[in-house]
2 protein chains.
Amino acid sequence: MKMKDKITEKSIELFGEKGFNETSIQDIVDSLGVTKGTFYYYFESKQQLLMDIHLTFIDDLLSRQKDILSDQSKSCKTKIFDIVRMLIKNIEKHGWDALIFFREIRHLNEEQMDKIVKKRALFQHHLEDLIKLGMSQGEFRGGLPADIVTLGILGMCNWSYFWFDPKGRVPDEKVAMIYVDMVLNGIAVQR
Amino acid sequence: MKMKDKITEKSIELFGEKGFNETSIQDIVDSLGVTKGTFYYYFESKQQLLMDIHLTFIDDLLSRQKDILSDQSKSCKTKIFDIVRMLIKNIEKHGWDALIFFREIRHLNEEQMDKIVKKRALFQHHLEDLIKLGMSQGEFRGGLPADIVTLGILGMCNWSYFWFDPKGRVPDEKVAMIYVDMVLNGIAVQR
DNA sequence: AATTAAATACCAACTGGTTAGTACATCGAA
DNA sequence: TTCGATGTACTAACCAGTTGGTATTTAATT
């Protein structure tokens with residue numbers, strides 16, 4: 001693996017475990033057996049490294065969301081399920097990334113944060129549009145404001161980054177199914 | 001107001017805005033026009049101050065949850081609504097507190113973190129028990145695992161700390177109603 | 001009421017330690 | 001010999017916590 005990727009990978013691990021500010025450049029290079037000269041050859045600053053991590057993460061999510069949404073053969077319900085599953089499955093592959101994405105965003109500078117926030121909003125709006133589409137096509141009931149519903153679903157999914165254990169007894173696929181069942185059908189006994 | 005309370009209040013504000021590590025004791029005392037000696041007269045360490053903030057926050061939540069749950073006259077559905085409303089209403093009064101509670105917990109030491117994590121788990125288990133009760137009494141349908149449902153509901157609520165704007169167009173009462181409607185009845189059109 | 005002892009509230013200066021980032025040296029391969 | 005890649009040594013800034021005080025308030029005693 002290239003040194004730049006090694007640095008990125010190890011940084012994600014350390015930022016996730018200890019936090020951005022609590023991880024020094026020295027920690028990162030020491031654990032790779034190199035020196036700071038190497039780090040600053042590949043990254044112009046610690047902040048830039050964090051921005052790289054954020055960009056890779058959100059761009060990957062957006063791209064996979066696009067794939068799901070552009071599949072014409074699927075119903076809105078199925079698409080919601082696919083998106084929820086994707087978000088939760090993501091933990092297994094990119095456990096630390098997501099934590100960093102939510103926890104360390106404030107260490108970006110204004111300009112960088114703005115870019116990331118805009119991309120996050122894009123993801124959110126795509127989901128909101130899907131829900132609105134489902135409402136207009138009669139798959140989902142009207143009466144509930146799509147924006148709040150969207151935030152509710154995203155909250156459920158995103159929060160799982162704080163508790164979901166990939167080695168736990170409930171597999172990600174199952175969690176996604178339960179969440180979608182819950183959101184679609186509710187937990188109350190229907191009269 | 002007593003100096004100790006002033007320090008706590010201002011610290012919450014600064015920790016919320018800038019983060020725990022990014023706020024120095026000097027920042028706190030400067031913005032109050034006192035000196036570090038004053039700070040260390042009231043708090044034994046920066047970490048202890050953070051622990052104070054965490055304890056006050058979770059103890060308050062637990063106490064209010066207890067009040068809701070112990071009301072015999074209410075149905076499980078109503079109790080769920082009350083808890084969700086309480087969590088979301090909390091943002092208006094304690095906006096920054098909650099952010100600190102979720103974001104800065106890792107700056108506590110092991111022993112402190114353990115205490116807080118246990119209290120968080122208590123809150124979670126109380127909610128889980130309520131859902132199980134609702135299932136056994138026929139208010140909620142069975143088939144969904146109560147623990148995952150609990151985490152879903154908590155996720156929805158807790159995530160709102162990251163976006164809810166007390167001055168926004170949707171009032172907290174309304175958000176709580178939408179979330180509970182969503183969780184109880186689902187968003188799908190029932191066949 | 002006057003005096004004194006003790007507790008409270010605060011301050012200024014300092015210490016020991018850490019960290020991001022820089023300047024420049026070195027080394028090896030093409 | 002050039003240059004991409006890495007190492008060494010350093011700096012300037014920052015910060016948590018300590019120490020040794022002082023001023024003020026409170027409480028007890030005569």
Side-chain angles (χ1 to χ4, degrees), chain A residues 1-55 96 100 103-113 116, chain B residues 1-56 96 100 103-113 115-116:
Chain A
M1 207 197 309
K2 292 279 183 192
M3 181 53 70
K4 183 169 185 180
D5 296 326
K6 279 205 229 174
I7 293 176
T8 306
E9 190 181 66
K10 183 59 84 175
S11 300
I12 290 173
E13 191 186 320
L14 293 176
F15 289 166
E17 277 170 16
K18 309 201 295 175
F20 180 74
N21 253 302
E22 293 67 32
T23 305
S24 65
I25 309 278
Q26 202 61 55
D27 290 341
I28 297 167
V29 295
D30 280 356
S31 72
L32 288 171
V34 294
T35 57
K36 290 214 301 195
T38 307
F39 180 92
Y40 282 98
Y41 176 72
Y42 292 106
F43 298 95
E44 60 184 44
S45 69
K46 196 183 174 190
Q47 218 177 33
Q48 187 55 53
L49 163 62
L50 184 63
M51 183 61 175
D52 276 17
I53 295 173
H54 270 79
L55 268 182
W96 290 128
I100 296 168
R103 201 180 55 186
E104 314 290 358
I105 187 175
R106 71 178 184 282
H107 294 112
L108 297 175
N109 65 38
E110 216 171 328
E111 187 194 350
Q112 293 168 328
M113 200 183 305
I116 300 295
Chain B
M1 205 197 308
K2 292 278 184 193
M3 182 52 71
K4 185 171 182 178
D5 295 326
K6 278 204 228 173
I7 292 176
T8 307
E9 190 180 67
K10 183 58 85 174
S11 300
I12 290 173
E13 190 185 321
L14 293 176
F15 289 166
E17 276 170 17
K18 309 200 297 174
F20 179 75
N21 254 302
E22 293 68 32
T23 305
S24 66
I25 309 280
Q26 202 62 57
D27 290 339
I28 298 167
V29 295
D30 279 356
S31 73
L32 287 171
V34 293
T35 57
K36 290 215 298 197
T38 307
F39 180 92
Y40 282 98
Y41 174 73
Y42 290 106
F43 299 95
E44 61 183 43
S45 69
K46 196 184 173 189
Q47 219 177 34
Q48 187 56 52
L49 162 62
L50 185 62
M51 182 61 175
D52 277 15
I53 295 173
H54 270 79
L55 268 182
T56 307
W96 290 127
I100 296 168
R103 202 180 55 185
E104 314 288 357
I105 187 175
R106 76 198 138 98
H107 293 112
L108 297 175
N109 66 37
E110 217 172 326
E111 187 194 350
Q112 293 169 327
M113 200 184 304
K115 268 190 192 162
I116 300 296

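What's counted below: heavy atoms across the whole structure, side chains too, no hydrogens, waters or symmetry copies. Just so it is clear, the structure is predicted and the values come from calculations on it, not from any experiment. Every chain is numbered from 1 and lettered A, B, ... according to where its sequence line falls, protein lines coming before strand lines.
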Applying salt bridge (Lys or Arg N to Asp or Glu O under 4.0 Å), can you list everything that pairs with A:Lys6, at least two apart in sequence or on another chain? none
Residue pairs fulfilling salt bridge (charged side-chain N to carboxylate O under 4.0 Å, His left out) with at least one residue in residues 34-53 of chain A, sequence neighbours excluded: none
Closer than 3.5 angstrom, by distance alone: can the side chain of A:Arg103 be matched with the main-chain N or O of A:Gly16 as a donor-acceptor pair? yes
By a strict heavy-atom criterion of less than 4.0 Å, which residues belonging to residues 16-24 of chain B are in contact with DNA chain D? B:Thr23, B:Ser24
Would you say the side-chain atoms of A:Glu104 pair up with the backbone N or O of A:Phe20, donor to acceptor, closer than 3.5 Å? yes
The criterion is ring pair (Phe, Tyr, Trp, His ring centres under 6.0 Å); which residues satisfy it with B:Phe43, sequence neighbours excluded? B:Phe39
Taken to the nearest whole Å, NZ/B:Lys2 to C1'/C:dC10 is 14 Å
Under 4.0 Å between a side-chain N/O of B:Thr38 and OP1 or OP2 of C:dC11, yes or no? yes
Below the 4.0 Å mark, does C:dC11 have OP1 or OP2 next to a side-chain nitrogen or oxygen of B:Thr35? yes
Do B:Glu17 and B:Trp96 have side-chain heavy atoms sitting under 4.5 Å apart? yes
Side chain to side chain contact (heavy atoms under 4.5 Å, CB included) partners for B:Ser45, two or more places apart: B:Gln47, B:Gln48
I'd like a table of donor-acceptor pairs (distance under 3.5 Å, sequence neighbours excluded) in which one partner is a side-chain atom from residues 22-32 of chain B, with atom names and distances.
residue, atom, partner, partner atom, Å
B:Glu22, OE2, A:Asn21, ND2, 2.1
B:Glu22, OE2, A:His107, NE2, 2.8
B:Thr23, OG1, B:Leu14, O, 3.3
B:Thr23, OG1, B:Gly19, O, 2.7
B:Ser24, OG, B:Gln26, N, 3.4
B:Ser24, OG, B:Asp27, N, 3.0
B:Ser24, OG, B:Asp27, OD1, 3.4
B:Ser24, OG, B:Asp27, OD2, 3.4
B:Gln26, NE2, B:Asp30, OD1, 3.1
B:Asp27, OD2, B:Lys18, NZ, 2.9
B:Asp27, OD2, B:Ser24, N, 3.1
B:Ser31, OG, B:Asp27, O, 3.4
B:Ser31, OG, B:Ile28, O, 2.9

Contacts of B:Lys115 that satisfy salt bridge (Lys or Arg N to Asp or Glu O under 4.0 Å) - sequence neighbours left out: none
For nucleotides 21-30 of chain C, give me one character per nucleotide, 5' to 3': B if any protein heavy atom sits under 4.0 Å from the base, S if the only such contacts are to the sugar-phosphate, - if neither. BB--------
With heavy atoms of chain B within less than 4.0 Å as the criterion, where does contact along DNA chain D begin and end? D:dC15 to D:dT18
Is there side-chain contact between B:Glu13 and B:Lys10, with at least one heavy-atom pair below 4.5 Å? yes
